S.K.: 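Questions regarding the structure given below will be posed in turn.
Values below: every heavy atom of this structure, side chains too, minus hydrogens, waters and symmetry copies. The shown structure was predicted, so the numbers you read here are calculated from the model rather than taken from an experiment.
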Amino acid sequence: MGKWFKSGAPWIWMTGGAVSLSLVAVLGLLLLIGWRGLVYFWPHPIYEWQLEDANGNKSVLIGEINDRELVPVERLRAAGIPLEGEEREQITRYLVKTGNREFVDLDFRWVLETDIKSRTRPAELAMVERTTNGNFYGYIVGVKEDGNELTTDLHPALKRVLARANALSAQANDLQKGDIGRINYQLERLRLKERRAELDDKLTDQLKAELASERQALNDRYQLLEKELFSLRSQADRDAITVKDMRGELVTMPMSKVLDVVWPNDMSLLAKVGHWFHQIGKFVSDDPREANTEGGVFPAIFGTVFMVFLMAIIVTPLGVVAAVYLHEYAGKNSLTKIIRIAVINLAGVPSIVYGVFGLGLFVYTLGGSLDRLFYPEALPSPTFGSPGVIWAALTLAILTLPVVIVSTEEGLSRIPGTIRQGSLALGATQAETLWRIVLPMASPAIMTGLILAIARAAGEVAPLMLVGVVKLAPTLPMDGNFPFLHVERKFMHLGFHIYDVGFQSPNVEAARPLVYATAFLLVTVIVSLNLTAIGIRNHLREKFRSLEH
């Protein structure tokens, strides 16, 4: 036994076991997040309950089963619920998603097993996904197409009017965000141009006339586009559906407010799978709705990826230059030792401290100075003097800078000194040796540092709350208006989206599945970015492997 311990085999087995347990834990966590998030998009069956409480009050309930739990009978009795004659110790109760929020008090309600007289799953029950007020459950009893009421062949008619309404709504949204948004942007630029000329005392009568002419042309174009927008909305409002809800009332909804209509109880397995993929696609590509509790997360995905790429562009040259100086040029003295200690200690600073630093230095000091120097016409409204994606990227670049420096230095130290000496002996300067030989050979290590930086920066939330991230961003940091990239704008982020939906949502039960779905999506984005960087690193490693021999 003593020889076995001295051989080191136990430590190998212990290390292997610890790594295996860690992998199992990580994979288990990812599977849990993925399951709880992706199951949200599956079309769940819709039930119709006949209820009667202890006081004899009868009612009808329509909705999806969101959760169930066993509740002790004593706890229910203590809450004032009469359960005479009940001999069981625990009773099942169901959390039902009822939707129809404009007609009921809550989206979700608990139903005791003892109150259920019957439960059916009619094939005709439909779920209507809407742009506002969440889902609506009931029976489709009528369709209005071009103002004409239809009561037969509802499914084909509904598909026609839904496709038409969605197409008109898409055209209206494109018109509003595209041409109309571009005109508003140009009008604002004209206002700032006039204000700048006024501040510089260059606002002549000729310039006023030119600006007025341009403004009038834009306003004329705006009026035409506005009429076209109202026409599209009017056409969409000519179609409607009538739904009979759980109260027995008929509710008419314009198709312009309807996104989709499905009959989950009447869907085959193949249809459910197709609908599941369709819902996932909408989640990834659509904008959020209803205070982030519904809709998609595309602005958050775009903001996360854009911010990470911007951070990578900033941190890579800074980290490489610092590492090259420390390893290739700086002498081995007390100052160098202090710098190395400072770099290592920076990696342990809490991220929120970097957020405060970024807010004070970048936003208020640097951004405020830029506004006073280059954008005085926009003051007191800040341009760069408010949180934005550029300041978030700079803050995270400083936060991840130690990682890139240390990793690059490790790569530089692994390059044999004979390679440098051979290059210098052949007549190359130190700068040429560094640029053509040393840095290419160290590029895999640089990519390793960048991978670690991306992994940390993509998941950070605390500093971003101070320097640029918001709950809802009206526009993306990139659009069709010059200069196309607007790095001063605020942005959405998947990590902050998870925090907002999980802890700030007014509808906790509706938001809970989205927390898991967004978390799984964030992990997927980080893994995709890292795999891309790892692929580049492996390519560079194979490319320069021959230089090591």
Side-chain angles (χ1 to χ4, degrees), residues 25-42 66-67 97 107-108 134 279-311 350-352 354-355 358 387-389 391-393 395-396 399-400 453-474 476-477 489-531:
V26 171
L27 291 175
L29 179 61
L30 291 178
L31 288 174
L32 174 64
I33 295 175
W35 169 257
R36 296 294 297 269
L38 295 178
V39 75
Y40 169 74
F41 304 105
W42 188 261
N66 189 70
D67 197 5
K97 181 180 181 180
D107 274 358
F108 296 82
Q279 291 297 106
I280 292 177
K282 286 170 49 176
F283 178 70
V284 173
S285 60
D286 286 356
D287 293 340
R289 307 188 308 271
E290 299 292 296
N292 289 338
T293 59
E294 293 180 7
V297 291
F298 175 75
I301 297 174
F302 184 90
T304 303
V305 175
F306 182 75
M307 185 270 298
V308 168
F309 272 111
L310 195 59
M311 181 274 302
S351 59
I352 189 66
Y354 285 101
V389 64
W391 308 134
T395 302
L396 291 186
L399 186 148
T400 56
I454 288 174
R456 182 174 182 187
E460 285 291 346
V461 176
L464 299 181
M465 296 170 66
L466 299 175
V467 292
V469 76
V470 290
K471 178 186 179 75
L472 287 171
L476 296 176
R489 290 180 180 175
K490 297 177 177 61
F491 67 104
M492 295 181 66
H493 187 271
L494 286 171
F496 182 77
H497 188 84
I498 294 170
Y499 163 76
D500 177 70
V501 172
F503 298 98
Q504 304 295 319
S505 173
N507 196 335
V508 178
E509 297 295 342
R512 185 180 301 168
L514 290 178
V515 173
Y516 289 102
T518 310
F520 184 73
L521 182 60
L522 176 60
V523 173
T524 303
V525 169
I526 294 175
V527 170
S528 300
L529 293 173
N530 285 341
L531 288 178

S.K.: With sequence neighbours excluded, what pairs up with Asp287 under the side-chain hydrogen bond (donor to acceptor under 3.5 Å, both in side chains) test?
M.R.: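 Only Lys177 meet the side-chain hydrogen bond (donor to acceptor under 3.5 Å, both in side chains) criterion with Asp287.
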S.K.: Find the distance between CD (Gln279) and OH (Tyr40) and round it off to the nearest 0.5 Å.
M.R.: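 Nearest 0.5 Å value for the CD-OH distance: 8.0 Å.
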S.K.: Pair up each side-chain donor or acceptor in residues 30-39 with any protein partner under 3.5 Å, not counting sequence neighbours, and list the distances.
M.R.:
none

S.K.: Are side-chain heavy atoms of Ile526 and Ile454 found at a separation under 4.5 Å?
M.R.: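 Sidechains of Ile454 and Ile526: no contact.
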S.K.: Restricting to non-hydrogen atoms, name the atom on Gly295 and the atom on Phe283 that form the minimum distance, rounded to 0.1 Å.
M.R.: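 Taking every non-hydrogen atom into account, O-CD1, 3.6 Å.
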S.K.: Does the side chain of Pro387 reach to within under 4.5 Å of the side chain of Leu466, using non-hydrogen atoms?
M.R.: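 Counting from C-beta outward, Pro387 and Leu466 never come under 4.5 Å.
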S.K.: Test: salt bridge (Lys or Arg N to Asp or Glu O under 4.0 Å). Region: residues 511-528. Which pairs qualify, not counting sequence neighbours?
M.R.: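 Sorted result for residues 511-528: Glu509-Arg512.
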S.K.: Could you note down all residue pairs passing ring-ring contact (aromatic ring centres under 6.0 Å, His included) where residues 494-519 supplies at least one of them, sequence neighbours left out?
M.R.: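 Qualifying pairs, neighbours excluded: Phe496-Tyr499, Tyr499-Phe503.
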S.K.: Sequence neighbours left out, what passes side-chain hydrogen bond (donor to acceptor under 3.5 Å, both in side chains) with Asn292? Give chain and number order.
M.R.: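 Asn292 satisfies side-chain hydrogen bond (donor to acceptor under 3.5 Å, both in side chains) with Asp500 once adjacent residues are dropped.
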S.K.: Quick one: closest heavy-atom pair of Val467 and Trp391, and the distance?
M.R.: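 The pair with the smallest heavy-atom distance is O-CB, 4.0 Å.
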S.K.: Search all heavy atoms of Leu472 against all heavy atoms of Pro288 and return the closest pair with its distance.
M.R.: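 Scanning both residues, the minimum pair turns out to be CD2-CG, 3.6 Å.
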S.K.: What verdict does the side chain to side chain contact (heavy atoms under 4.5 Å, CB included) test give for Leu494 and Ile301, after you've listed the backbone C-alpha separation in whole Å, the side-chain angles of each residue and the deciding distance to 0.1 Å?
M.R.: CA-CA 6 Å; Leu494 286 171; Ile301 297 174; 4.1 Å; yes
S.K.: Using every non-hydrogen atom in the two residues, find where Met307 and Ala393 come nearest and quote the distance to one decimal.
M.R.: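 The pair with the smallest heavy-atom distance is O-CB, 4.1 Å.
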S.K.: Walk me through it: do Phe298 and Leu476 pass the test side chain to side chain contact (heavy atoms under 4.5 Å, CB included)?
M.R.: CA-CA 10 Å; Phe298 175 75; Leu476 296 176; 3.9 Å; yes
S.K.: I need the minimum non-hydrogen distance between Gly358 and Thr395, along with the two atoms involved.
M.R.: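 So the two residues come closest at CA-OG1, 3.6 Å.
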S.K.: Taking all non-hydrogen atoms of both residues, which atom of Ala455 and which atom of Asn530 are closest, and how far apart?
M.R.: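 Looking at all heavy atoms of both residues, the closest pair is CB-ND2, 3.8 Å.
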S.K.: Return the CD to CG distance between Glu290 and Asp107, rounded to the nearest 0.5 Å.
M.R.: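 Glu290 CD to Asp107 CG: 9.0 Å, rounded to 0.5 Å.
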S.K.: Report yes if some heavy atom in the side chain of Val469 is under 4.5 Å from a heavy atom in the side chain of Met492; otherwise report no.
M.R.: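 A side-chain contact is absent here, since even the closest heavy-atom pair is not under 4.5 Å.
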S.K.: Contact between Ile498 and Leu522 at the side-chain level, heavy atoms closer than 4.5 Å - yes or no?
M.R.: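 They are in contact (side-chain heavy atoms under 4.5 Å apart), so the answer is yes.
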S.K.: Could you give me the CA-CA distance, side-chain angles and deciding distance for Phe491 and Arg489, then say whether side chain to side chain contact (heavy atoms under 4.5 Å, CB included) is met?
M.R.: CA-CA 6 Å; Phe491 67 104; Arg489 290 180 180 175; over 6 Å; no
S.K.: Just do the side chain to side chain contact (heavy atoms under 4.5 Å, CB included) check on Val527 and Thr524 with the steps written out, would you?
M.R.: CA-CA 5 Å; Val527 170; Thr524 303; 5.8 Å; no
S.K.: Applying side chain to side chain donor-acceptor pair (under 3.5 Å) as the test, list every pair that has at least one member in residues 456-469; sequence neighbours left out.
M.R.: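 Matches after skipping sequence neighbours: Ser351-Glu460, Arg456-Glu460.
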